K.L.:
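A single structure is presented below for examination.
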Amino acid sequence: MSRFLNARYEALEPYTPGEQPKNAGDLIKLNTNENPYPPAPAVAAVIDNGQLQKLKLYSDPEAAPLTEAIADFYGLHKEQVIAGNGSDEILAFIFMALSGKSGKVYYPQISYSFYPVYCGIFGAKGVEVPLGADFTVEPADYYHQDGTIVITNPNAPTGRALSRAEIESILKANRENLVVIDEAYVDFGAESAVKLIDRYDNLLVVQTFSKSRSLAGARIGYALGNEAVIADLNKIKFSFNPYNLNRLSILAGVEAIKDRAYFEETCGKIIKTREAFVKEMTKLGFHVLPSKANFVFTSSERISGEAYFAALRKFNILVRHFNDEKIANYVRITIGTPEEMDRLIAATKQILDGVAQDGKDR
Ligand code: PMP
């Protein structure tokens with residue numbers, strides 16, 4: 001720490017991103033929920049030399065072509081959409097400015113580990129709501145609160161999803177509170193709350209191009225909601241970083257969202273791979289939480305989460321392990337291509353055989 005740091009940030013615990021190896025080489029990377037398939041074909045086609053020359057100019061501060069294309073996709077008005085530099089930026093704006101009069105933000109105790117970090121940096125009062133059995137988010141625990149509610153649906157890192165009716169029950173019981181649904185993973189089989197936007201002015205849905213649209217490196221996220229809430233978010237954005245989306249990402253995003261067929265095809269493939277993978281892991285004795293995301297959260301009586309993570313690493317397979325003791329026995333595995341998942345299953349069989357031979361468990 002330098003002597004220049006403001007005392008306010010001395011105790012700040014930053015977010016730890018999943019490892020991004022420099023020399024991925026032969027590594028099977030299943031640790032940060034990226035999409036194994038490339039972006040829609042038109043994305044590469046649109047970034048030509050002419051567009052590269054235009055990088056001398058600032059980007060559109062409203063990212064209008066992108067917000068319009070997103071609005072079109074969901075049947076909303078463009079005033080109901082704001083785009084951000086990844087959904088992380090949109091979430092940052094929410095924790096910065098939309099914690100209501102109480103300054104409190106309620107979220108599940110096990111969820112996206114960035115939320116407590118945002119509370120730390122922006123001074124929002126984070127309230128962690130315990131989960132039910134087997135990591136279920138219980139809607140009634142969020143009724144009649146006195147602050148903003150943020151729910152990841154499907155939840156991360158568990159993959160468990162609430163139904164739209166359950167989300168609606170939370171909205172109904174919190175007319176005076178903003179309810180943010182972080183739908184980073186919704187396109188892999190969960191029910192989106194977007195259809196409720198026109199009926200609930202307290203709903204804000206946050207989504208991203210990083211997962212279902214194969215554009216994690218382009219950093220494009222967005223929020224959908226009531227025009228007044230979006231206007232508040234724009235006020236923050238224009239007070240912080242007006243050109244928050246770069247030119248190339250705006251172009252890429254437009255092409256990605258226009259290609260609905262490619263999006264449906266790739267999401268469909270990942271869902272199919274996930275279902276087959278869950279069957280195989282279950283056969284091997286793993287406990288796999290029901291997942292509606294592009295990852296699964298799994299544990300085994302035969303090997304600890306940490307040991308399984310380390311053993312897979314020796315097979316050049318990278319998954320995610322969290323040190324939090326409540327989930328330390330689990331690993332989170334991103335769904336890759338069928339071939340990648342086959343290699344993971346083969347490695348797991350060998351790992352479990354080794355465990356059996358050692359005569360050790362856990
Ligand atoms: N929300 C959740 C639940 C996530 O897991 C992630 C990815 N780490 C994000 C938001 C942020 O994604 P991005 O900034 O890439 O849009």
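All values below come from the heavy atoms of this structure, side chains included, with hydrogens, waters and symmetry mates left out. Not measured: the values here are computed from a predicted model. Every number for a ligand or one of its atoms is a count from 1 in the order of the listing.
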K.L.:
Quick check on the 6.0 Å ring-centre criterion: do Y185 and F295 meet it?
P.N.:
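Yes, ring centres under 6.0 Å apart.
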
K.L.:
Once you round to the nearest 0.5 Å, how far does CG of N85 lie from CG of N241?
P.N.:
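Atom-to-atom, N85:CG and N241:CG are 7.5 Å apart.
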
K.L.:
Out of F114, Y15, Y185, Y115, whose heavy atom is nearest to atom 4 (C) of ligand 1?
P.N.:
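Checking each option, the heavy atom nearest atom 4 (C) of ligand 1 is found in Y185.
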
K.L.:
Short list, please: which atoms of ligand 1 are under 4.0 Å from a heavy atom of T208?
P.N.:
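Result: 13 (P), 15 (O), 16 (O).
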
K.L.:
Taking heavy atoms and a distance under 4.0 Å, where does K211 meet ligand 1: side chain, backbone, both or neither?
P.N.:
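Near ligand 1, K211 shows its side chain, while the N, CA, C and O stay back.
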
K.L.:
Provide, to 0.1 Å, the distance between atom 12 (O) of ligand 1 and the closest protein heavy atom, together with that atom's residue and name.
P.N.:
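Scanning the protein heavy atoms, the shortest distance from atom 12 (O) of ligand 1 goes to S87 OG, 3.3 Å.
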
K.L.:
Which residue and non-hydrogen atom of the protein lie closest to atom 1 (N) of ligand 1, and at what distance in Å?
P.N.:
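The closest one turns out to be D182 OD2, 2.7 Å.
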
K.L.:
I'd like to know if E280 pairs up with K283 as an ion pair, taking the criterion as any Lys NZ or Arg NE/NH1/NH2 lying under 4.0 Å from an Asp or Glu carboxylate oxygen.
P.N.:
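K283 and E280: salt-bridged.
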
K.L.:
Parallel, tilted or perpendicular: which fits the ring planes of F73 and F263, with parallel below 30° and perpendicular above 60°?
P.N.:
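Taking F263 first and then F73, their aromatic rings stand perpendicular (interplane angle over 60°).
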
K.L.:
For atom 11 (C) of ligand 1, what is the nearest protein heavy atom, given as residue, atom name and distance?
P.N.:
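Checking every protein heavy atom, the shortest distance to atom 11 (C) of ligand 1 gives D88 OD1, 3.1 Å.
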
K.L.:
Suppose I only count heavy atoms of T152 and a 4.0 Å limit; which atoms of ligand 1 are within that range?
P.N.:
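Close to T152: 3 (C).
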
K.L.:
Which of parallel (below 30°), tilted (30 to 60°) and perpendicular (above 60°) describes F122 and Y118?
P.N.:
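Correct class here is parallel.
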
K.L.:
Give the numbers and elements of all ligand 1 atoms closer than 4.0 Å to a heavy atom of G86.
P.N.:
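Result: 14 (O), 16 (O).
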
K.L.:
With atoms numbered from 1 as shown, which atoms in ligand 1 lie under 4.0 angstrom from a non-hydrogen atom of A184?
P.N.:
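Atoms satisfying the 4.0 Å criterion: 1 (N), 2 (C).
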
K.L.:
Using the six-membered ring wherever Trp is involved, compare the ring planes of Y222 and F209 and label them parallel, tilted or perpendicular (cut-offs 30° and 60°).
P.N.:
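It falls in the perpendicular class, over 60°.
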
K.L.:
Please work out which of the three classes, parallel, tilted or perpendicular, describes the rings of F135 and Y330, given edges at 30° and 60°.
P.N.:
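Judged by the thresholds at 30° and 60°, the geometry between Y330 and F135 is perpendicular.
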
K.L.:
Counting from 1, what ligand 1 atoms have a heavy atom of S210 closer than 4.0 Å?
P.N.:
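In order of number, 13 (P), 15 (O), 16 (O).
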
K.L.:
Is R219 near ligand 1, meaning one of its heavy atoms is under 4.0 Å from it?
P.N.:
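Flag set, R219 near ligand 1.
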
K.L.:
For the residue pair K211 and F188, would you count it as a cation-pi contact if the rule is NZ or CZ under 6.0 angstrom from the ring centre and within 45 degrees of the ring axis?
P.N.:
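No, K211 and F188 do not form such a contact.
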
K.L.:
Do me a favour and list the nearest non-hydrogen protein atom to atom 8 (N) of ligand 1 with residue, atom name and distance?
P.N.:
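Ranking protein heavy atoms by distance from atom 8 (N) of ligand 1, first comes Y112 OH, 3.1 Å.
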
